[in-house]
Structures are given as C-alpha cells and as structure tokens.
Colleague: 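There's a structure below that I have some questions on.
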2 protein chains.
Amino acid sequence: MTGSIPAGYDPYAYEPFAVTVDLAVFTVRAGQLHVLLIRRAQEPHRGAWALPGGFVLPRESAERAARRELAEETGLPARLVGELHLEQLRTYSEPDRDPRMRVVSIAFTALVPDLPEPSEQGGGDADRARWVPVERTGELAFDHGRILADARTRIGAKLEYTCLATAFCPPEFTLGELQAVYETVWDTVLDRPNFRRKVLATPGFVEAVPGAARLTGGRGKPAALYRAGPATALHPPLLRPEGHRR
Amino acid sequence: MTGSIPAGYDPYAYEPFAVTVDLAVFTVRAGQLHVLLIRRAQEPHRGAWALPGGFVLPRESAERAARRELAEETGLPARLVGELHLEQLRTYSEPDRDPRMRVVSIAFTALVPDLPEPSEQGGGDADRARWVPVERTGELAFDHGRILADARTRIGAKLEYTCLATAFCPPEFTLGELQAVYETVWDTVLDRPNFRRKVLATPGFVEAVPGAARLTGGRGKPAALYRAGPATALHPPLLRPEGHRR
DNA sequence: CGCCTTTATGGTCGCACTGACTATAAATGG
DNA sequence: CCATTTATAGTCAGTGCGACCATAAAGGCG
C-alpha cells in the first residue's frame, strides 16, 4: 500500500533495503538465442557471470536506473539504450538473495536486433559485456539463473500474442528472418507458407518496403523487405506448436 | 543486477529506500467487479481510500509481507489469506510516489470468491476493509488508482488464457456462475451454449460434481454443479469478443 | 547454355473451432 | 395446465490453420 506507518515508524530505524535493477537483454544471433552477460569484477561472486544491472539511485525510477546501468556496463550504443523497449519482468525479494545485505531487485527484459558490431565494441573496461548463448550460460551469480529462466519463459509467451518479434530484427527485414526469430526463441520449426500467410493477414504487424528486396546470401530468390508496423498486439494470437521440437 | 557496488558503497550512506507491498484483491458480487479497499487512518492521505498493504519487514519476502498485511488490515478469513493465489503485478518506483520518503512498492493481484459473510466481519478496528465496486472507487491515495487500473487490465487478459476465473467462484459452482464472472470482468454478454461447449471441451478446466445440482433462485431448471479442475492454462484461449459491450 | 539447387512466394484441401441460432428439458408461479 | 425462466442439446456456416503441392527467381556448375 504505502499504507499506514507502524506507530513511531522511523525510516532509519530498520535495517535499510537496497533496491537494484537486473536486465535480461536478448538477441538472436546465428540461429541461437543469446543473452547479454557481464563478468563480475567484485565480490561477492567475483569472476562469475551475471546479468547487467545495479543500484537504483535515490532520485531515479527503476527504468531510468536500468537504462543507466545498461549504458554503463555494456557496450550497447547509447541511442539503442535510450530507445529500447524495456519491460518489467518481476521483482525478486527473498531475504537472502544477496549475502551482503537486504537487496530487492526489479528485473527487466529487453529485445535487441543482432548488432552489426557486437558488444565487443564495448565500454572500454577490461571486463566488458558478452553475448552468450542461453544454453551455454553456466551458473550465474545470485539468483540470476532463475531470473534468466523466468525471462525466457516470458518472451516465449509474448511472441504468441504481441508483435515484439520485430524488436529482434533490424529496421528492414525479410519474412524469413522474422520466422527465424520465432523458430529460435521457441526452438521449433514453422511452415514457411503458413507463417507468411499469418503474418501478412495481421493488419499492422509488418509493412512492405516498396520495391526493396535482399539477396539471401547469394542463393535463391531475393526476399522482399518489410518494416515493423504500428500494431502491438496479435489478434488472433500466433500459437506455438506443441509437438515437434526442432 | 545486484551488481558491482560503487566503490566505497555503504548501505547506510544513502537515503534509505522503504519497500512496501500493495494488494488489488478482487471479487465478483451482484454482477459487479469489486475491489477490497481500506480507509487510511494516518497521514498522508488520511481518510482517503487505498489498497491494502504495508511495509516489508527486514526478514520477510514480499509475498509473505503481502499475506501478513492482508490478514492484519482486512477482515478476510485467515485460511483464505493463507491459501490465496497471489500474483505479482509490477513494481512502482517513481521517486515521488510517496511524499514521506522514497518508497518502492511491489503490487500483487488476487481473486477471491464472493464471501458469504462479507468483509464487514472485519478485523475489529474502526476503519475496516470494504468491498467497493471498481466503477465507484473515487480518487485513491498515492498512485493506487494507477495500480488498480493496471490490475484490472491484467485480470481481464488472464481470464482469456488461464483458468483463473474459477478463483472467483465458491468451491462448487454452476456454469452460469462461471459465465457471469467472465461477463462481469469483461463487461460483455456471452452466448450461453457456446460458453458451455468451450468450457467443457477444455480438459481439466472444470469437473462435474456427480449428481449435484442447485436450484437457480427458484426459477428454471436446476443447474449442475462443477468444481475447479487441475488445469491452469487454457488451450486454445477463450478470447474476449471485441464488439458488443453489455 | 541448360540443369540443378536453393529460397521465396502463391495456392489448395480438409479439419477444428467458433459464432449465431434453434430446440428440448426441467423447474416455478399463476 | 400454462406461461415463464433457466439449463442443456444440437445444427450450420464461416474462418483460421496445419499439411501439402506448385511456381518463380536467383546462383552454381557441368
């Protein structure tokens, strides 16, 4: 609530809470879902891989803190960080999730296209951010393994009933690339003609770029290019097939 | 992330954060969606209506705090509070949402059946909790109006693809009562035979109580009784009609 | 140059689900 | 007994989708 204060409540009387943000930033690269990780330079969990994030400052909202930390800790371009669609995942508040003190962490999820210049262009510090295939992140620091698992579940579900898949694609993309996003995140194989029919039948999902086409790595017929449309929701949803995994 | 601590970080050096929980608890009563509110006894917003909630204690998770505050502040039976399905909505962290200090609030949503003895059986304090139709909550304290709006949006969406609607019903209910839940939350009218067909065709959504029936207020054919089944998700979803509102 | 491979794109067919609607059963109140 | 009310059963057409098949347009290679 922010409800009734216990009689005689004094903000400084209790053990203070720290509030942090953690970010699960995904991209699709080479047919695999990757997540942005950093290597911890300090204790605790020094040397372990962790999600980027950090403390919320006294006059900052959680979302502002998330963008600031993302810019500071990773090599992502400032423009991208500023325009990124951040979605709150959930807040992790178990009392002992951080050994130092009571830390409540607000987790966010974001999707970015595969960057032409990877994050290696980085922030300049020795331990810079790395894209890691989600299947090959070993143990992560704190409860970040759980956060990452929750984030994967969430984005898989969101692809079903939103247009977010285009966030994984560059500004102009082919339907084959868009389909690869779905297939990678869901780890399935989709029928190409059916996928095409469904996407084009949803008004505002994608818009054709007139006359544009891109050669598909040299082989095959060039594919038409599309841009993300104004729609955000998918009606009816694009349901993930249940049976056959890739 | 719970990431790298700024050099020389001292938990007590910053203005401390307080962490609270707020609860949007809904029920369906007399064909209207109601939310559980309390009247604030202290400043700020003294006398204003607010969502129940309160401070998270130093060794408590947010969910435990939510259950404790709900039991303390409202007249809900202890058993119900203990078994309630609490879902995290999102966390509100704007710096000035509470005039006293920096308060970050984790909001939860819960659904309960219409209680035979309303909340008036209450906690014993003068200002006890009240069920208020969601259309008639005026201005609420803090940013609770926004939280309530977000919670309504969420439960409307969740009815589409989960079996949560049964949480609004008593242990045994008729399909007419279940349909009324959907119609109330969505503010629509549904076709009864079609609703029935859809619900019964979803395995594990509801289970018939053998031989049981309830007279429907005297008039009409008695309706068969059902219990909530083991399923939690709805495949395929029960989509809300777009056009005709009630 | 002709043929094969590869990828994009266009179309068909049948099934399952849904919305709109009609019909019957079982209770109550006059 | 009949009208009314509510639950339950069934029908029928349209639609979306999965599983296919067919054609178009590029490059590689003999």
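Hydrogens, waters and symmetry mates are skipped; everything else that's a heavy atom, side chains included, is used. Only a predicted model underlies this, so the values are computations on that prediction, with no experimental measurement involved. Throughout, protein chains are lettered first and strands after them, A, B, ... in sequence-line order, and every chain is numbered starting at 1.
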Colleague: Report the nucleotide, chosen from C/dA26, C/dT7, D/dT6, that has the shortest atom-to-atom distance to any side-chain atom of A/Arg192.
Modeller: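 So the side chain of A/Arg192 is nearest to C/dT7.
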Colleague: For the pair made of CZ in B/Phe173 and C1' in D/dA7, what is the distance, rounded to whole Å?
Modeller: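 Computing the B/Phe173:CZ to D/dA7:C1' distance gives 16 Å.
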Colleague: Please lay out, stage by stage, how A/Trp131 and A/Thr74 fare under the test side chain to side chain contact (heavy atoms under 4.5 Å, CB included).
Modeller: CA-CA 10 Å; A/Trp131 289 111; A/Thr74 75; over 6 Å; no
Colleague: In whole angstroms, how far is the P atom of D/dG18 from the CG atom of A/Leu190?
Modeller: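 That distance rounds to 9 Å.
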Colleague: Pairs under 3.5 angstrom, nitrogen or oxygen only, protein versus nucleotides 9-12 of chain D, please.
Modeller:
residue: D/dA9; atom: OP2; partner: B/Arg196; partner atom: NH2; Å: 3.3

Colleague: Would you mind reading off the distance between A/Leu239 atom CG and D/dT15 atom P, rounded to a whole angstrom?
Modeller: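 Rounded to whole Å, this separation is 19 Å.
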Colleague: Heavy-atom nearest nucleotide on DNA chain C for A/Leu175 versus B/Leu238: which residue maps closer to 5'?
Modeller: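 Here A/Leu175 is the residue nearer the 5' end.
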Colleague: By the definition side-chain contact (heavy atoms from CB on, under 4.5 Å), identify the one residue from A/Val206, A/Thr174, A/Val181, A/Val28 that meets it with A/Cys169.
Modeller: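 Result: among A/Val206, A/Thr174, A/Val181, A/Val28, A/Val181 is the only option passing the side-chain contact (heavy atoms from CB on, under 4.5 Å) with A/Cys169.
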Colleague: Rounded off to whole Å, could you give me the CD-to-P distance for the B/Glu177 and D/dT6 pair?
Modeller: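 Spelled out: CD on B/Glu177 to P on D/dT6 is 14 Å.
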Colleague: Tell me if a side-chain donor or acceptor on B/Arg67 pairs with a main-chain N or O of B/Val81 at a distance below 3.5 Å.
Modeller: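 A pair under 3.5 Å: yes.
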Colleague: Under 4.0 Å between any heavy atoms, over every strand shown, what does A/Ala201 touch: base, sugar-phosphate, or nothing? Just pick one.
Modeller: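 Counting heavy atoms under 4.0 Å across all strands, no contact is made by A/Ala201.
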Colleague: Could you tell me the separation between the CD atom of A/Glu160 and the C1' atom of D/dC17, rounded to a whole number of Å?
Modeller: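 Atom-to-atom, A/Glu160 to D/dC17, this comes out as 15 Å.
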Colleague: Which heavy atom of A/Pro236 sits nearest to which heavy atom of A/Lys198, and what is that distance?
Modeller: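 Minimum heavy-atom contact is O-NZ, 3.0 Å.
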Colleague: In whole angstroms, how far is the C1' atom of C/dA16 from the NE2 atom of B/His235?
Modeller: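 After rounding, the reported distance stands at 16 Å.
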Colleague: Tell me whether the side-chain N/O atoms of B/Lys198 come closer than 4.0 Å to OP1 or OP2 in C/dT18.
Modeller: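 The answer is yes; a side-chain N or O of B/Lys198 sits under 4.0 Å from OP1 or OP2.
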Colleague: So, does B/Thr27 use its side chain to make a donor-acceptor pair with the main chain of B/Val112 at under 3.5 Å?
Modeller: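 Looks like yes, one N/O pair under 3.5 Å.
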Colleague: Which nucleotide sits closest to the side chain of A/Lys221: C/dT18, C/dT7, C/dA25?
Modeller: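 Within the option list, the nearest is C/dT7.
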Colleague: Just by distance, do the side chain of B/Gln88 and the backbone of B/Ile106 share a donor-acceptor pair under 3.5 Å?
Modeller: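 No, B/Gln88 side chain to B/Ile106 backbone: no donor-acceptor pair under 3.5 Å.
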Colleague: Going by ring-ring contact (aromatic ring centres under 6.0 Å, His included), B/Phe195 matches just one of B/Tyr182, B/Trp186, B/Phe205. Which one?
Modeller: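 One option only clears the test, and that one is B/Tyr182.
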